[in-house]
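Encoded as structure tokens, the structure appears first; notes follow it.
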Amino acid sequence: MSAWGQWRSVKPVVRCPDDVLAELLDGGQAFRWNRVDGVWRGVWGNYIAELTSQNDVVQWRAPVLIEDRVSRDISTYLGPDDVFADAWDALPHRSDPVLKAAMGQWPGLRLLRQPFAEAVLCFLCSSMKQITHIKQICETLALRFGAEIIPGVRALPSWSTLHRVSEGELRAAGLGYRARFIHGTSHFLAGQPGWLDVVEDLPYPEAKHRLMQLPGVGAKIADCALLFGAGKLEAFPVDTWIARVMTERYRLEGWSLEQIAHFGRAHYGQYAGLAQQYLFSSARRA
DNA sequence: ATCCAGGTATGCA
DNA sequence: TGCATACCTGGA
């Protein structure tokens with residue numbers, strides 16, 4: 001690894017304790033963060049950074065080669081406190097003891113804003129997988145097909161690059177049946193330049209509808225990509241964890257996944273996705 | 001060893 | 001519409 005720049009606070013400020021930072025970076029929103037010598041090292045897009053929490057304030061540093069770029073965009077990725085202040089306030093934690101407990105457990109937890117194309121790719125890799133294995137697959141994809149950002153560190157491959165990779169090579173990267181979906185999606189996107197950029201800026205319902213045209217993208221993966229990669233905070237992904245915790249804590253026995261998703265958006269409101277993240281984290285660490 | 005994991009697409013009542 | 005089943009692979 002080449003030389004690293006100086007540590008400094010993220011500006012505008014990102015405030016969260018060490019264990020919440022760990023949950024933010026390595027709790028299933030993103031898959032390319034790892035603890036290295038006691039700090040978090042991660043990659044998103046063509047950015048690389050290290051993060052640590054000092055007195056609950058997040059500090060960063062980056063390789064000097066790309067320091068300017070990281071400096072310019074890291075707060076967008078992490079989501080500063082002032083961006084989430086309204087959402088934290090607007091969530092119905094005053095009237096909902098379940099949400100209140102989950103929010104109290106993870107003070108400062110927020111939603112990352114990842115590159116949209118990358119979020120689609122990572123969550124296309126995620127079905128029926130545990131986080132550790134999703135991370136492993138992402139690492140392999142970057143190593144084998146990604147562009148080098150600085151010596152020794154590679155980005156995730158773009159969709160146009162993936163289009164040139166055979167389904168067999170994708171299978172060999174450990175993707176299993178997901179290889180066919182990724183190959184199919186790369187083919188779809190290759191025929192529609194700019195399609196993802198348009199979808200990213202659409203209102204949530206329309207964006208979700210369009211995303212679900214991609215092979216392998218159902219309601220859950222579409223919601224994850226929109227929540228973590230497009231800033232659609234009303235997206236409410238319902239996976240097995242959320243289904244389990246919502247069923248238990250809101251007495252929703254017998255409800256389908258789609259009904260639970262509908263309940264979530266109706267009950268939590270326009271920032272339902274943020275509430276989902278608190279519930280998800282509290283369930284995973286219950 | 002055997003089972004199951006942050007789902008989706010498909011086929012049948 | 002609504003539910004069961006197959007699909008790859010590796011880690012517990």
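Because the structure is a prediction, the values reported are computed rather than measured. Each chain gets a letter, A, B and so on, in the order its sequence line appears, and its residues count up from 1.
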Note, DNA chain B 5' to 3' with Watson-Crick or G-U pairs under 3.5 Å encoded as ( ), [ ], | and . gives .||||.|||||||

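Remark: P of dT9(C) and NE2 of His133(A) are 10 Å apart, rounded to the nearest angstrom. Atom P of nucleotide dG7(B) and atom CZ of Phe123(A) are separated by 11 Å, given to the nearest angstrom. For the pair Arg178(A) CZ and dG6(B) C1', the computed distance is 11 Å after rounding to whole Å. As a whole-Å value, the separation of Asp239(A) CG from dT8(B) P is 10 Å. In this structure, CE of Met212(A) is placed 13 Å from P of dT10(B), rounded to the nearest angstrom. Computed from coordinates, the Leu257(A) CG to dT1(C) C1' distance equals 15 Å when rounded to whole Å.
Across dT9(C), dA5(B), dT8(B), the shortest atom-to-atom separation from the side chain of Lys129(A) is found for dT9(C). Minimum atom distance to the side chain of Phe280(A) is reached by dG6(B), of the listed dC8(C), dG10(C), dG6(B). Distances were taken from every side-chain heavy atom of Ser127(A) (C-beta onward) to each of dG6(B), dG7(B), dT9(C); the shortest belongs to dG7(B).
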Dump every N/O contact between nucleotides 4-7 of chain C and the protein below 3.5 Å, one line per pair.
none

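Using cut-offs of 30° and 60° on the angle between ring planes, the pair Phe181(A) and Tyr177(A) is perpendicular. Using a 30° and 60° split on the angle between ring planes, Tyr77(A) and Trp44(A) fall in the parallel class, below 30°.
Using a 4.0 Å heavy-atom distance criterion, Ile131(A) is classed as a base contact. Residue Gly184(A) is classed as having no contact, given no heavy-atom separation below 4.0 Å to the nucleic acid.
For an aromatic pair to be called close, the ring centres must be under 6.0 Å apart, and His267(A) with Tyr250(A) satisfies this. Between Phe123(A) and Phe31(A), the gap from one ring centroid to the other is short of 6.0 Å.
Residue Glu200(A) forms a salt bridge (Lys or Arg N to Asp or Glu O under 4.0 Å) with just one option from Arg210(A), Lys232(A), Arg113(A), and that option is Arg113(A). The side-chain contact (heavy atoms from CB on, under 4.5 Å) test with Cys122(A) is passed by exactly one of Leu156(A), Leu141(A), Ile137(A), Ile221(A): Leu156(A).
Side-chain atoms of Glu167(A) never come within 3.5 Å of backbone atoms of His183(A) as a donor-acceptor pair (strictly under, hydrogens ignored). Side chain of Glu258(A) to backbone of Ala219(A): no donor-acceptor contact under 3.5 angstrom is found.
Distances shorter than 4.0 Å separate some side-chain N or O of Gln136(A) from OP1 or OP2 on dG11(C).
With no hydrogens or angles considered, no side-chain donor-acceptor pair links Ser282(A) and Gln105(A) at under 3.5 Å.
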